[in-house]
Amino acid sequence: MRNTDAIKPQQLDDPTGRIYYRKSDLFHEALGTVILLLVVFCMFCAVFWLSSHYAKPIQGSSMQPSINNYTEATGDIAIVSNSARFSYNDVIIVDMERSENKDTMVQGKLLIKRAIAFGGDSLRLVRDDTTAMYHFELKKRGESEFTVLEESFAYPMTAVNKANAFYMQSGWTVKSEHAADNSITIPEGYMFFVGDNRDVSYDCRTFGPVETTACIGVVETVLKTDNFWNKLFSFISSIFNIKHTEAIKG
């Protein structure tokens, strides 16, 4: 005769007719439930993260040394958030198809640059006669004093033609009059961005402020060329011909 008690070893009979489970079995069931919930939560987080992030290969040298800091400036991959709000000193991806800027060098391109000023801010370029270097000074909206921009991450600016482009505004689609302190005020709804490699970057110094609506993402991290995930994505992007974002120079 088959012993039915052997089938349910976890049950303990009580004279009152109630059924009890061993504490160890209850613990394992609770642990299994917790693990299942954690797996579901992690999957939800992964789906949410993937829906708001994407990877973009970067081409060009205008963001050196932050990005593409190599002799042959190619290969870095930016991990970009398309939902993050951008602010001062953020590295951003700019879709010039969303801008009415008329500069033919950048029309229709995806650019990667660093945002340094926004609508209502005053910006000026100052030359240090001792070092022959230029640096930006910023007075944010509502503030009374200019402060020197933190640029320790950038290659210094010495090119006179880049400074002249900022002063003269000859190629700017949206111009701004210089104040008595030699500063310009960024128009409302616009931003001013530059490359970290100041002497070679082709940016707002040459073609003027760009609409903030042209920003389509904020760079959260950079995968260098010797990174495993960089190599894997580079292989995938070569197969599917994924469009590069340009750290355009000129």
**Asked** If we ignore angles and hydrogens, is there a donor and acceptor under 3.5 Å between the side chains of Ser152 and Glu150?
**Response** yes
Could you report the tightest heavy-atom contact between [X] and [Y], atom names first, then the distance?
{"X": "Met157", "Y": "Asp199", "value": "CA-OD1, 3.4 Å"}
{"X": "Arg127", "Y": "Asp129", "value": "NH1-OD1, 2.8 Å"}
{"X": "His135", "Y": "Val148", "value": "CD2-CG1, 3.8 Å"}
{"X": "Tyr190", "Y": "Glu211", "value": "CD2-N, 3.5 Å"}
{"X": "Ala165", "Y": "Trp172", "value": "O-NE1, 3.6 Å"}
{"X": "Asn197", "Y": "Ser61", "value": "ND2-O, 3.1 Å"}

**Message:** Please say yes or no: joined through hydrophobic side-chain contacts below 4.5 Å, possibly via intermediate residues, are Met105 and Met96 part of one cluster?
**Reply:**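 In one cluster with Met105: Met96, yes.
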Salt bridge (Lys or Arg N to Asp or Glu O under 4.0 Å) against [X], all qualifying residues, sequence neighbours excluded:
{"X": "Glu188", "answer": "Arg141"}
{"X": "Arg198", "answer": "Glu151, Asp196"}
{"X": "Asp128", "answer": "none"}

**Parallel, tilted or perpendicular: ring planes of Phe118 versus Phe86, cut at 30 and 60 degrees** = tilted
Can you tell if the side chain of [X] reaches within under 4.5 Å of the side chain of [Y], non-hydrogen atoms only?
{"X": "Cys204", "Y": "Val210", "result": "yes"}
{"X": "Leu138", "Y": "Ile116", "result": "no"}
{"X": "Ser176", "Y": "Pro209", "result": "no"}
{"X": "Ile184", "Y": "Gln169", "result": "yes"}
{"X": "Tyr88", "Y": "Leu149", "result": "no"}
{"X": "Leu111", "Y": "Asp203", "result": "no"}

When rounded to the nearest 0.5 angstrom, what is the spacing between [atom1] in [X] and [atom2] in [Y]?
{"X": "Ser99", "Y": "Gln107", "atom1": "OG", "atom2": "CD", "answer": "8.5 Å"}
{"X": "Met168", "Y": "Thr206", "atom1": "CE", "atom2": "OG1", "answer": "11.5 Å"}
{"X": "Ile58", "Y": "Ile112", "atom1": "CD1", "atom2": "CD1", "answer": "4.0 Å"}
{"X": "Ile186", "Y": "Lys140", "atom1": "CD1", "atom2": "NZ", "answer": "13.5 Å"}

Under 3.5 Å donor-acceptor, [X] side chain and [Y] backbone:
{"X": "Asp90", "Y": "Ile92", "result": "no"}
{"X": "Ser81", "Y": "Val218", "result": "no"}
{"X": "Tyr167", "Y": "Leu125", "result": "yes"}
{"X": "Lys162", "Y": "Ser201", "result": "yes"}

**Request:** Kindly indicate whether a cation-pi arrangement holds for Arg114 with Phe153, taking the cut-offs as under 6.0 Å to the six-membered ring centre and within 45° of the axis.
**Result:** yes
**Asked** Between Lys109 and Tyr202, is NZ or CZ placed under 6.0 angstrom from the six-membered ring centre and within 45° of the ring axis?
**Response**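 Verdict for Tyr202: no cation-pi partner in Lys109.
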**Partners passing side chain to side chain contact (heavy atoms under 4.5 Å, CB included) against Thr173 (at least two apart in sequence or in another chain)** = Asn101, Lys102
**Message:** Checking Thr213 now: which residues fulfil side chain to side chain donor-acceptor pair (under 3.5 Å) with it, not counting sequence neighbours?
**Reply:**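 Per chain and number, Thr213 pairs via side chain to side chain donor-acceptor pair (under 3.5 Å) with no residue.
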**Message:** Using the rule given for side chain to side chain contact (heavy atoms under 4.5 Å, CB included), can you reason through Cys215 versus Met191, listing the C-alpha separation, both sets of side-chain angles and the distance that settles it, and then say yes or no?
**Reply:** CA-CA 9 Å; Cys215 177; Met191 59 185 171; 4.0 Å; yes
**Prompt:** Would Ser62 and Lys113 count as a side chain to side chain contact (heavy atoms under 4.5 Å, CB included) if you check the C-alpha gap in whole Å, the side-chain angles of each, and the deciding distance to 0.1 Å?
**Reply:** CA-CA 8 Å; Ser62 77; Lys113 302 292 180 183; 2.9 Å; yes
**Message:** For a side chain to side chain contact (heavy atoms under 4.5 Å, CB included) check, start with the C-alpha distance between Asp76 and Met63, then their side-chain angles and the critical distance, and finish with the verdict.
**Reply:** CA-CA 11 Å; Asp76 284 3; Met63 283 301 292; over 6 Å; no
**Message:** Counting only heavy atoms from other residues, nucleotides and ligands, does the tally under 6.0 Å from CD of Glu100 exceed 12?
**Reply:**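 Count not over threshold, so no.
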**Item:** Pairs flagged by salt bridge (charged side-chain N to carboxylate O under 4.0 Å, His left out) wherever residues 168-178 is involved - sequence neighbours left out
**Value:** none
**Prompt:** For Val126 and Phe146, what are the C-alpha separation, side-chain angles and deciding distance, and is it a side chain to side chain contact (heavy atoms under 4.5 Å, CB included)?
**Reply:** CA-CA 11 Å; Val126 179; Phe146 282 91; over 6 Å; no
